There are 2 protein chains.
Amino acid sequence: MRKKAPGSYHHGDLRRSLIDAGRMLLAKNNSGGLSLREVAKVAGVSHTAPYRHFKDKAELLAAIAETGFHQLRADAERVAHTYRETPLQQYTHCAARYVRFAVENPETAHLMFGGGIDMRTAPPSLKQASWATFELLIEIIENGKQAGLYKAVDTMDLAVATWSGIHGLSLLIANGYLTQLAASDSQIDGLAQRVARLLLEGIRK
Amino acid sequence: MRKKAPGSYHHGDLRRSLIDAGRMLLAKNNSGGLSLREVAKVAGVSHTAPYRHFKDKAELLAAIAETGFHQLRADAERVAHTYRETPLQQYTHCAARYVRFAVENPETAHLMFGGGIDMRTAPPSLKQASWATFELLIEIIENGKQAGLYKAVDTMDLAVATWSGIHGLSLLIANGYLTQLAASDSQIDGLAQRVARLLLEGIRK
DNA sequence: TGGCCATGTTTACTCTGGCAACTCATTTTG
DNA sequence: CAAAATGAGTTGCCAGAGTAAACATGGCCA
């Protein structure tokens with residue numbers, strides 16, 4: 001989190017600093033939101049300086065969400081690479097990673113998926129970042145399909161179904177709907193495993 | 001939406017009017033949020049009158065979310081009753097109803113599930129309303145289980161898995177992540193059907 | 001070297017949430 | 001039945017936040 005060197009007029013990389021400060025504050029004021037002025041202060045800059053880099057507050061939030069997508073994609077990509085030879089494990093471990101991301105970064109997840117941003121009208125770079133994340137999921141499904149793991153159904157349907165399941169579970173946990181079943185980290189992992197399994201095998205007898 | 005009769009001092013049922021006004025405004029200012037003063041104005045009352053009924057803004061929002069849960073539960077209950085003899089259809093049609101609720105009331109859904117409210121610290125009546133909704137789902141699963149429809153797995157796991165899937169799909173659509181696949185109402189229904197089916201049968205070959 | 005333009009600053013305006021003190025109407029009670 | 005108590009709504013106020021406009025600064029290119 002670079003601050004402006006005191007005395008110097010120009011900052012150097014304010015845009016980046018604002019995003020970093022934003023994420024930091026978002027994590028600190030748990031779900032209490034975030035004020036542009038606060039962000040500016042943390043970055044060591046006057047409260048209107050952000051407007052040189054973002055049209056308005058929503059655009060800063062969108063940029064923060066974008067870093068969330070980049071992180072999520074990078075996290076999942078690492079896991080996917082580790083299990084590149086075993087499609088089934090690739091799927092389950094990536095799913096678990098997705099859930100962990102939401103649980104570990106609830107405010108960022110809230111920003112990305114909470115409805116504050118409508119993807120239909122989001123900035124192009126954000127759309128692209130979210131799309132790139134989804135593409136990774138499609139790849140993973142495609143991998144499994146070619147290994148004969150999944151049904152011969154439209155890949156898109158398979159991908160949407162699993163995405164929905166993992167996504168829904170992540171948000172339910174992150175928003176405290178499953179406190180009874182998923183209090184500790186190990187319980188969360190366990191639940192994620194079992195749900196991923198059920199998505200795979202179906203609930204039907 | 002009852003307004004105060006002009007000239008009369010007392011309103012009669014302000015609490016209810018504020019909630020109604022809130023939902024109306026939420027729907028109008030699409031996802032633009034909602035101001036307490038605006039709500040008060042619509043209800044025909046001074047800007048601090050709401051404080052006689054709600055501790056603060058968050059509490060009003062929680063009350064609005066609560067009506068959302070009541071509506072969702074009532075909607076689903078009606079569907080569940082209609083298909084009470086056929087557990088499979090009961091499941092698929094309730095799932096479709098859940099998705100429609102989110103798509104038709106995106107702002108309310110946003111409030112309920114967007115992370116603005118953490119269920120762990122929510123007002124008891126809200127917790128109860130959300131729990132009652134989940135209970136209906138559990139009942140539906142239990143029905144199917146007794147009809148020999150589902151795997152002999154912990155009902156809670158079955159319920160969480162399907163809830164996650166439907167919930168995730170609903171939010172993905174409502175937040176515009178699946179615009180390509182789910183633009184029209186009929187496309188949404190179709191997608192919901194196929195996803196519900198995949199949750200049932202699993203994606204594995 | 002001198003002027004331009006991107007980047008930051010200052011100032012000011014509006015909107016919002018929330019507190020305090022006041023008023024009005026209804027209900028309870030001596 | 002009058003008067004106090006209480007619940008419901010109002011007026012006024014303040015601090016914090018988003019943002020527009022005018023101004024300042026300083027690095028870069030002609």
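Computed from a prediction, not measured in an experiment: that's the story for all the values here. Letters A, B, ... mirror the listed sequences (proteins, then strands); counts begin at 1.
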Legend entry - Counterpart residues, ring-ring contact (aromatic ring centres under 6.0 Å, His included), relative to Phe69(B) (two or more places apart): Phe113(B)

Legend entry - Point-to-point distance, once rounded to the nearest 0.5 Å, from NZ of Lys41(B) to CG of Leu25(B): 11.0 Å

Strictly under 3.5 Å: I want the nitrogen or oxygen pairs between protein and nucleotides 18-21 of chain C, one per line.
unit_1	atom_1	unit_2	atom_2	d
dG18(C)	OP2	Tyr51(B)	OH	3.1
dG18(C)	OP2	Lys57(B)	N	3.1
dG18(C)	O5'	Tyr51(B)	OH	3.4
dG18(C)	O6	Arg37(B)	NH1	3.4
dG18(C)	O6	His47(B)	NE2	3.4

Legend entry - Contacts of Tyr83(B) that satisfy ring-ring contact (aromatic ring centres under 6.0 Å, His included) - sequence neighbours left out: His93(B)

Inset, instruction - Working to the nearest 0.5 Å, report the span between CG of Leu61(A) and CG of Leu34(A). - result: 6.0 Å

Inset, instruction - Would you jot down, in residue-number order, the residues of residues 116-126 of chain B having a non-hydrogen atom under 4.0 Å from DNA chain D? - result: none

Inset, instruction - For Leu14(A) and dG8(C), give me the distance from atom CG to atom P, rounded to whole Å. - result: 5 Å

Legend entry - Residue pairs, two or more places apart or on separate chains, that pass salt bridge (charged side-chain N to carboxylate O under 4.0 Å, His left out) and touch residues 168-188 of chain A: Arg100(A)-Asp185(A)

Inset, instruction - Measure from NE2 on His53(B) to C1' on dG9(D) and round the result to the nearest Å. - result: 8 Å

Inset, instruction - Nearest whole angstrom, please: distance from the P of dG9(D) to the CZ of Phe54(B). - result: 11 Å

Inset, instruction - Output all residues satisfying salt bridge (Lys or Arg N to Asp or Glu O under 4.0 Å) with Asp154(B), sequence neighbours left out; order by chain, then residue number. - result: none

Inset, instruction - Using side-chain contact (heavy atoms from CB on, under 4.5 Å) as the criterion, point out the one residue from Leu18(A), Leu60(A), Leu14(A) that pairs with Pro50(A). - result: Leu18(A)

Inset, instruction - Could you state the atom-to-atom distance from CG of Leu34(B) to P of dT16(C) in whole Å? - result: 10 Å

Inset, instruction - To the nearest Å, give me how far apart CG (Asn29(B)) and C1' (dC15(C)) are. - result: 14 Å

Side-chain donor-acceptor pairs under 3.5 Å in residues 162-169 of chain A, sequence neighbours left out?
unit_1	atom_1	unit_2	atom_2	d
Thr162(A)	OG1	Leu158(A)	O	3.3
Thr162(A)	OG1	Ala159(A)	O	3.0
Trp163(A)	NE1	Tyr98(A)	OH	2.9
Ser164(A)	OG	Val160(A)	O	2.8
His167(A)	ND1	Tyr98(A)	OH	2.9

Inset, instruction - Just grab all the salt bridge (charged side-chain N to carboxylate O under 4.0 Å, His left out) pairs involving residues 117-137 of chain B, residues at least two apart or on different chains. - result: Asp118(B)-Arg120(B)

Inset, instruction - With sequence neighbours left out, write down each residue that passes side-chain contact (heavy atoms from CB on, under 4.5 Å) with Asn143(B), or none if nothing qualifies. - result: Gln90(B)

Inset, instruction - Please collect all side-chain hydrogen bond (donor to acceptor under 3.5 Å, both in side chains) contacts where either partner lies in residues 53-76 of chain B, sequence neighbours excluded, each pair once. - result: Arg23(B)-Thr67(B), Arg23(B)-Gln71(B), Glu66(B)-Ser125(B), Arg73(B)-Glu77(B)

Inset, instruction - Going by the side-chain contact (heavy atoms from CB on, under 4.5 Å) test, name the single residue among Thr179(B), Leu181(B), Leu178(B) that passes it with Ile173(B). - result: Leu178(B)

Legend entry - Members of residues 59-67 of chain A that approach DNA chain D, where some heavy atom sits under 4.0 Å away: none

Legend entry - Atom pair distance, as rounded to whole Å: CZ in Arg15(A) and P in dA6(C): 16 Å

Legend entry - Pair Arg84(A)-Glu139(A), salt bridge (charged side-chain N to carboxylate O under 4.0 Å, His left out): steps then yes or no: CA-CA 11 Å; Arg84(A) 65 190 174 285; Glu139(A) 263 179 52; over 6 Å; no

Inset, instruction - Kindly calculate the angle separating the two end axes of the helix from dT1(C)-dA30(D) to dG30(C)-dC1(D), each obtained from five base pairs, and round it to 10 degrees. - result: 10°

Legend entry - Nucleotide dA8(D), atom P - distance to CZ of Arg16(B) in whole Å: 17 Å

